Undergrad: 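One structure, pasted below without further comment.
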Amino acid sequence: MGFVASLLIVYGVAGVVLGAAVAIAIGRCLHHQRRSQIAAYARSPSASPGAMREGFALLRGEVVAEDAAPDDAVIAVEIPCSGRAGAAPGAWHTRARAFSLRLPSGAAVRVEPVCSRLNLDTTFVPARRGGVPVYVSEVRPGDAIYIAGSVRRDLDASAAGKGYRDAARAWVLRAPTYGSLCVSSETVIAHHARRARFHRAWALALGAALTALHLGLFRAFHASVLGAVGPAGGIGVGPAALAVLFVGAAALAYRTLAEQTSPWTELRVERPRAA
């Protein structure tokens, strides 16, 4: 094969394609790990309030109502069933109010959800509202939930403090600057942990394959390009075909298994546009 074709095979196909697959696997692993790794201060019953830190965090705790309606849901999402009597597809209704999340250590974090920036990554159950079939997911006081968002030290509106120099402050959980406040069930968190392990294993396997390919099959070609063993020449048709087949099979196997083993089914729901 010619030198230009060899460059395309070695650095285009075997380098970019397989390297991109490794990068995707690492990215997906970090994403799922971030969604499943509980902050240290939210895991230990003996953690002190001083151990809490500002920034993105996944917390687990018990929901505590802050108002005079301790039995009402603090978060509720209703999605009408498409194509049923009077149910406009995607016309869902979200209700949310502030509540406290009591951590295993006894510390409390005030949660301030905003309906437009809220995701419930939980189980939706069938129900009826006004004779219309809907899918409903609710978070009620006493529930143990996982919730991910931005933790900040902020003014506590429920306590006056001693003045502007000594204003009462509390830990508050809100939606991150770019993203939504996400409430998850234990089952979903376990799925994220398994997906993190799946993508981590594939990142290691694809990385090892990329290293073996370039340090083994293409080692002489790299040496010739760098001028270590004389002028660069092309690689044979056999090695080139083997490399293309290997790279294609590895990338396809990763993508196929990632789709087939995914515990989630993608469901797109259109939010109604404001008039």
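Note that these values count all heavy atoms, side chains included, but never hydrogens, waters or copies made by symmetry. Keep in mind that this is a model prediction, so the values were computed, not measured.
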Undergrad: Could you check whether any side-chain heavy atom of Val63 comes within less than 4.5 Å of a side-chain heavy atom of Val74, counting everything from C-beta outward?
TA: yes
Undergrad: First locate atom CD1 of Ile145, then atom CG of Leu101, and finally report the distance between them rounded to the nearest 0.5 Å.
TA: 5.5 Å
Undergrad: Do Val172 and Val183 sit in the same hydrophobic cluster, where Ile, Leu, Val, Met, Phe, Trp and Tyr count as joined when their side-chain heavy atoms come under 4.5 Å apart?
TA: no
Undergrad: Which atom pair, heavy atoms only, marks the closest approach of Ala96 to Pro113?
TA: CB-CG, 3.8 Å
Undergrad: Applying salt bridge (Lys or Arg N to Asp or Glu O under 4.0 Å), which residue pairs with at least one partner in residues 241-263 are found, sequence neighbours left out?
TA: Arg255-Glu259
Undergrad: Is it true that Thr261 and Arg195 share a donor-acceptor pair across their side chains at a distance under 3.5 Å?
TA: yes
Undergrad: Does the side chain of Tyr135 reach to within under 4.5 Å of the side chain of Val125, using non-hydrogen atoms?
TA: no
Undergrad: If you round to the nearest 0.5 Å, how far is OG1 of Thr177 from CZ of Phe56?
TA: 12.0 Å
Undergrad: Starting at CD of Glu186, measure out to OH of Tyr146 and round the result to the nearest 0.5 Å.
TA: 4.0 Å
Undergrad: Among all residues two or more places apart in sequence or in another chain, which pass the side chain to side chain contact (heavy atoms under 4.5 Å, CB included) test with Arg35?
TA: His31, Asp121, Cys182, Ser184, His192
Undergrad: Which residues pass the side chain to side chain donor-acceptor pair (under 3.5 Å) test with Thr256, not counting sequence neighbours?
TA: none
Undergrad: Ignoring hydrogens, what is the shortest heavy-atom contact between Arg60 and Leu103? Give both atom names and the distance.
TA: O-CD2, 3.6 Å
Undergrad: If you round to the nearest 0.5 Å, how far is CG of Asn119 from CG of Leu181?
TA: 8.5 Å
Undergrad: Evaluate the side-chain proximity of Ile147 to Leu58: yes if any heavy-atom separation is below 4.5 Å, no if none is.
TA: no
Undergrad: Measure the CZ-CD1 distance between Arg200 and Ile26 for me, rounded to the nearest 0.5 Å.
TA: 11.5 Å
Undergrad: Okay, side chain of Glu138, backbone of Ile75: is any donor-acceptor separation there less than 3.5 Å?
TA: no
Undergrad: Quick one: closest heavy-atom pair of Pro176 and Gly149, and the distance?
TA: CD-CA, 4.1 Å
Undergrad: Who pairs with Thr211 by side chain to side chain contact (heavy atoms under 4.5 Å, CB included), at least two apart in sequence or on another chain?
TA: Leu215
Undergrad: My understanding is that only residues two or more places apart in sequence, or in another chain, count here; which of them pass side chain to side chain donor-acceptor pair (under 3.5 Å) with Thr187?
TA: none
Undergrad: Among residues at least two apart in sequence or on other chains, which ones pass salt bridge (Lys or Arg N to Asp or Glu O under 4.0 Å) with Arg34?
TA: none
Undergrad: Step through the shown structure and confirm whether more than 12 heavy atoms of other residues, nucleotides or ligands are within 6.0 Å of CD on Glu54.
TA: yes
Undergrad: Specify the closest pair of heavy atoms between Leu206 and Ala250, including all atoms of both residues, with the distance to one decimal.
TA: CD2-CB, 4.0 Å
Undergrad: Look at the side chain of Arg117 and the backbone N and O of Gly179, then say whether any donor-acceptor pair between them is shorter than 3.5 Å.
TA: yes
Undergrad: Mind checking salt bridge (Lys or Arg N to Asp or Glu O under 4.0 Å) for Glu112 and listing every partner two or more places apart, or none if nothing turns up?
TA: Arg110, Arg174
Undergrad: Quick one: ring pair (Phe, Tyr, Trp, His ring centres under 6.0 Å) pairs with a partner in residues 239-258, sequence neighbours left out?
TA: His199-Tyr254, Trp202-Tyr254
Undergrad: If every non-hydrogen atom of Ala57 is compared with every non-hydrogen atom of Tyr41, which pair is closest and at what distance?
TA: CB-OH, 3.6 Å
Undergrad: Does the side chain of Trp171 come within less than 4.5 Å of Arg153's, by heavy atoms?
TA: yes
Undergrad: Once side chain to side chain donor-acceptor pair (under 3.5 Å) is applied, do any residues pair with Ser137, and if so which ones, sequence neighbours excluded?
TA: Thr122
Undergrad: Locate the shortest heavy-atom distance separating Pro141 from Ala65; write the atom from each residue and the value.
TA: CG-CB, 3.8 Å
Undergrad: With hydrophobic residues grouped by side-chain heavy-atom distances under 4.5 Å, do Ile38 and Ile189 end up in a single group?
TA: yes
Undergrad: Taking side chain to side chain contact (heavy atoms under 4.5 Å, CB included) as the definition, give me every residue that meets it alongside Val244, ordered by chain and number, with sequence neighbours left out.
TA: Ile9, Val13
Undergrad: With rounding to the nearest 0.5 Å, note down the distance linking CG in Leu18 to CG in Leu210.
TA: 4.5 Å
Undergrad: Less than 4.5 Å apart, side chain to side chain, heavy atoms only: is that true for Leu59 and Val151?
TA: yes
Undergrad: Holding to side chain to side chain contact (heavy atoms under 4.5 Å, CB included), I want the full list of residues that pass it with Val64, two or more places apart in sequence or in another chain.
TA: Ser100, Arg102
Undergrad: Please enumerate all residues that pass side chain to side chain donor-acceptor pair (under 3.5 Å) together with Arg95, with sequence neighbours excluded.
TA: none
